[in-house]
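Counting starts at 1 for both ligands and their atoms, in listed order.
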Amino acid sequence: MFRVLVGEYIDDHAIAGLTSQKDVKVDIKVGISREELLNTIHEYDALIVRSVIKVNRELLDKAKKLKIVGRAGNGTDNIDIPEATAHGVIVANTPDSNTVSACEIAIGLMLASARNIVAANNFIKSGKWEREIFVGNELFEKTLGIIGLGRIGSLMAKRMKAFGMNLIAYDPYISDEIFKRNGCKKVETLDELLEASDVITIHTPKTSETIDMINKDNVSKLKDGVRLVNAARGGLFNEEAVAEGLRSGKIASFGYDVHTVEPRSECVLYEFENAITTPHIGATTYEAQRNVGTQVVKQVLNGLRGEIVETAVNLPSIGREEYAIVKPYITLAERLGKIYFQISKDAISNVTINYYGEIAEQETALVDATTLKGLLEPVLKEEVNYINSRSLAEKRGIDITVNKKDEKYKNYSSALEIVVISDEGKKIQVVGTVGLNNDERIVSIKDHDVDIVIADNMIYLSNNDVPGVIGAVGAILGKENINIATMNVGRKENENAIMLLTVDSEVEKGSLKKLRALDQINWAYYLDLSV
Ligand code: NAD
């Protein structure tokens, strides 16, 4: 039974979702004193906070059972993330809770301003009827410039692609892969985006670099009749400069959810009918408000149950759609990683993780983390989790290299290769892929081509390539009451063959000894690949 302490307010629905879990006992102590918290935290597996409770070393040192801290909200200033990481504690927030809502308001403002919906609405209600004065623009086949291709910018790209828009984006801080994944042409400079876009939407945080991104000096670079949208933060487009652009007709419309100063009753933009606005209601949806609670509960339950915590902040976060794609590779990686220390006792000097084909286009940091978790687990057991696996590996002096390759591995559309080099320079390579039915397969081991669906219990052996070996192996395992489920043989010129078997039960040392005693067998290992 996991014990969860809810130390600050979360939505009632979320509480109900948490208390209804059979494997969880919840204590709701909103406003708990620091003293009580420090005295009782050792009893809990999870802690849910907002922004008041300080999760620092003082607390973490006492939190012997703590696996996860859930932060209902975005900012994590009250949580010492490096300290939590060092304690192997996952910290997860709810950054996605209002992403869809914020994206949708930006789209709403874009459509409403392109089609004069607000002005037309007001016109009709004043008792008049006319069409010609409300001629708008289609978005179809126009160029949309997205500034900031993070969570909301990426969603925007995916959705506006469906409108048939051409997408370009400016975000110097993210990898080319993200542009590719979101179907956006990358532009190297802001000016390039300003000059090429029919519609511009901004989704950056407010920083010294992003304040006044459109300003009096660069407004002339905009295309004539450009439409602007800002549902990110007030002041990213200078209000005076936009007003000037609207007045001259350079800017056809501006849809904005955010003001430089909020709340406010006056703004230089209010005189323009084609500048439509809302009072920072991007996140004001029932869904977003409920999402904060349900998302934090989901992450906490995942963390407790050893499943992937998508919004962990002490790991790169991953979007829901991307997660669905990489998920099978996350477990494949852990299983492949577990092989090394079950067939070798040599310390590792470096690990190379190679991604081939389609999986190479994805955000794979979680796969890296589970590879390393799998690798270290046979020697570190529960000390290692996917939060601390990289830092533990690095502390052990292991060099980690990750390569993303455009080409395929053999004929597999996606593949993951792990190459481990020992201190003595010995190499052990293994390659896996995920099949159409999400079955995890080993397709190469120590450079022998094989193809076998991975099972929790496997035997890996080397044999002389002579007749009768399979029968002899089968006979011994039969006597030992070990049922062989599948078997695959890998052959290589001038080398002994290898055999991979999946079996229905664990293999005792005694049974392995009998296999090893066979003349035709050079070595044999039992692989526990359960995750
Ligand atoms: P995010 O952190 O996921 O993405 C921000 C992106 O901006 C990152 O990819 C970053 O690399 C990029 N960026 C940073 N500086 C840049 C620069 N100088 N030029 C170009 N790109 C730059 O953030 P998000 O969750 O997508 O949120 C985006 C914005 O939306 C934030 O300002 C957030 O506060 C705002 N927001 C508004 C509402 C609302 O109610 N209207 C709701 C949610 C979020």
Side-chain angles (χ1 to χ4, degrees), residues 71 73-77 93-110 112 144-160 167-182 184-194 197 200-215 218 228-238 254-263 276-289 291-292 295 310-313 315-323 363 365:
R71 155 75 167 108
N74 281 9
T76 49
D77 297 350
N93 63 353
T94 60
D96 267 344
S97 51
N98 57 25
T99 302
V100 170
S101 295
C103 174
E104 287 184 0
I105 203 153
I107 295 172
L109 290 165
M110 191 183 297
L144 173 64
I146 303 174
I147 307 176
L149 204 53
R151 280 183 291 261
I152 299 170
S154 299
L155 270 191
M156 195 73 187
K158 290 199 184 93
R159 279 149 177 71
M160 299 326 289
L167 305 178
I168 62 174
Y170 171 66
D171 189 331
Y173 301 112
I174 52 162
S175 69
D176 289 359
E177 206 178 294
I178 309 271
F179 288 86
K180 221 160 110 189
R181 198 190 305 159
N182 289 298
C184 293
K185 182 175 164 259
K186 177 179 178 170
V187 293
E188 300 294 338
T189 63
L190 179 65
D191 279 359
E192 230 181 293
L193 181 136
L194 301 185
S197 304
I200 297 175
T201 184
I202 188 159
H203 302 285
T204 64
K206 192 170 189 168
T207 66
S208 56
E209 264 183 54
T210 61
I211 291 174
D212 290 347
M213 267 201 143
I214 291 181
N215 54 53
N218 65 10
L228 305 180
V229 175
N230 180 6
R233 299 289 300 277
L236 301 186
F237 296 161
N238 180 281
F254 183 36
Y256 60 111
D257 183 43
V258 285
H259 288 71
T260 306
V261 179
E262 294 179 358
I276 60 167
T277 189
T278 42
H280 205 149
I281 53 171
T284 313
T285 62
Y286 292 111
E287 290 84 358
Q289 291 178 5
N291 280 348
V292 170
Q295 204 178 27
E310 296 158 49
T311 65
V313 293
L315 263 183
S317 64
I318 181 165
R320 272 174 260 173
E321 291 162 31
E322 287 81 14
Y323 177 60
E363 169 54 63

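- Rounded to the nearest 0.5 Å, atoms CD1 (Ile168) and CD1 (Ile146) are 9.0 Å apart.
- Here is the list of ligand 1 atoms found below 4.0 Å of a heavy atom in Pro172: 19 (N), 20 (C), 21 (N).
- Here the shortest heavy-atom pairing between Ala288 and Ala283 reads CB-O, 3.3 Å.
- Heavy atoms only, all atoms of each residue included: Ile200 and Leu194 are closest at CD1-CD2, 3.8 Å.
- Contact annotation: the side chain of Arg159 approaches that of Cys103 to within less than 4.5 Å [non-hydrogen atoms, C-beta and beyond].
- Between the CE atom in Met213 and the OG1 atom in Thr207 there is a gap of 7.0 Å [rounded to 0.5 Å].
- Listed by atom number, the atoms of ligand 1 under 4.0 Å from Ala283 heavy atoms are 40 (O).
- The protein atom (non-hydrogen) at minimum distance from atom 42 (C) of ligand 1 is Ala102 CB, 3.5 Å.
- Every atom of ligand 1 is numbered from 1 in the order shown, and the set under 4.0 Å from a heavy atom of Arg233 is 32 (O), 34 (O).
- Side-chain contact, Asn238 with Asp212: a donor N or O sits under 3.5 Å from an acceptor N or O.
- Only the side chain of Thr210 comes within 4.0 Å of ligand 1, counting heavy atoms alone; its backbone N, CA, C and O stay farther away.
- Which of Gly150, Ser101, Ser97 comes nearest to atom 4 (O) of ligand 1 through a heavy atom is settled by distance: it is Gly150.
- Every atom of ligand 1 with a heavy atom of Glu209 under 4.0 Å away is listed here by number and element: 18 (N).
- Considering backbone and side-chain N/O of Thr204, one or more are found under 3.5 Å from N/O of ligand 1.
- At least one side-chain heavy atom of Thr201 sits less than 4.5 Å from a side-chain heavy atom of Leu144.
- With a 4.0 Å cut-off on non-hydrogen atoms, Ile152 touches ligand 1 through its backbone as well as its side chain.
- Heavy-atom distances between Asp257 and ligand 1 reach below 4.0 Å in at least one pair.
- Heavy-atom contacts of Asn98 reach the following atoms of ligand 1: 43 (C) (cutoff under 4.0 Å).
- Of all heavy-atom pairs between Gly235 and Asn230, the closest is N-ND2, 4.4 Å.
- Using a 4.5 Å cut-off on side-chain heavy atoms (C-beta onward), Leu149 and Lys186 make no contact.
- Minimum heavy-atom separation, Phe237 to Ile147: CE2-CD1, 4.3 Å.
- Looking at ligand 1, you'll find an N or O of Asp171 within less than 3.5 Å of one of its N or O atoms.
- Comparing Ser154, Gly148, Pro205, Ala106 by heavy-atom distance to atom 14 (C) of ligand 1, the nearest is Pro205.
- Near Gly282, with a cut-off below 4.0 Å to any heavy atom, the atoms of ligand 1 are 39 (C), 40 (O), 41 (N).
- For the residue pair His280/Thr278, the side-chain donor-acceptor check at 3.5 Å is not satisfied.
- For ligand 1, the atoms sitting less than 4.0 Å from at least one non-hydrogen atom of Ala231 are 37 (C), 38 (C), 39 (C), 41 (N), numbered in the order shown with element in parentheses.
- Distance from atom 35 (C) of ligand 1 to its nearest protein heavy atom, with residue and atom name: Ala232 O, 3.5 Å.
- Within ligand 1, counting atoms from 1 as listed, the ones closer than 4.0 Å to a heavy atom of His280 are 39 (C), 40 (O), 41 (N).
- Residue Met213 has no N or O atom closer than 3.5 Å to an N or O atom of ligand 1.
- The shortest N or O to N or O distance between Thr207 and ligand 1 is not below 3.5 Å.
- Of the protein's heavy atoms, Tyr173 CE1, 3.6 Å lies nearest to atom 15 (N) of ligand 1.
- At a 3.5 angstrom cut-off on N or O pairs, Arg151 counts as close to ligand 1.
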- Item | Evaluation steps, side-chain hydrogen bond (donor to acceptor under 3.5 Å, both in side chains), between Thr76 and Asn93 | CA-CA 8 Å; Thr76 49; Asn93 63 353; 5.6 Å; no
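- With respect to atom 5 (C) of ligand 1, the closest heavy atom belonging to the protein is His203 O, 3.5 Å.
- Taking every heavy atom of both residues into account, His203 and Ala106 meet most closely at CE1-CB, 3.9 Å.
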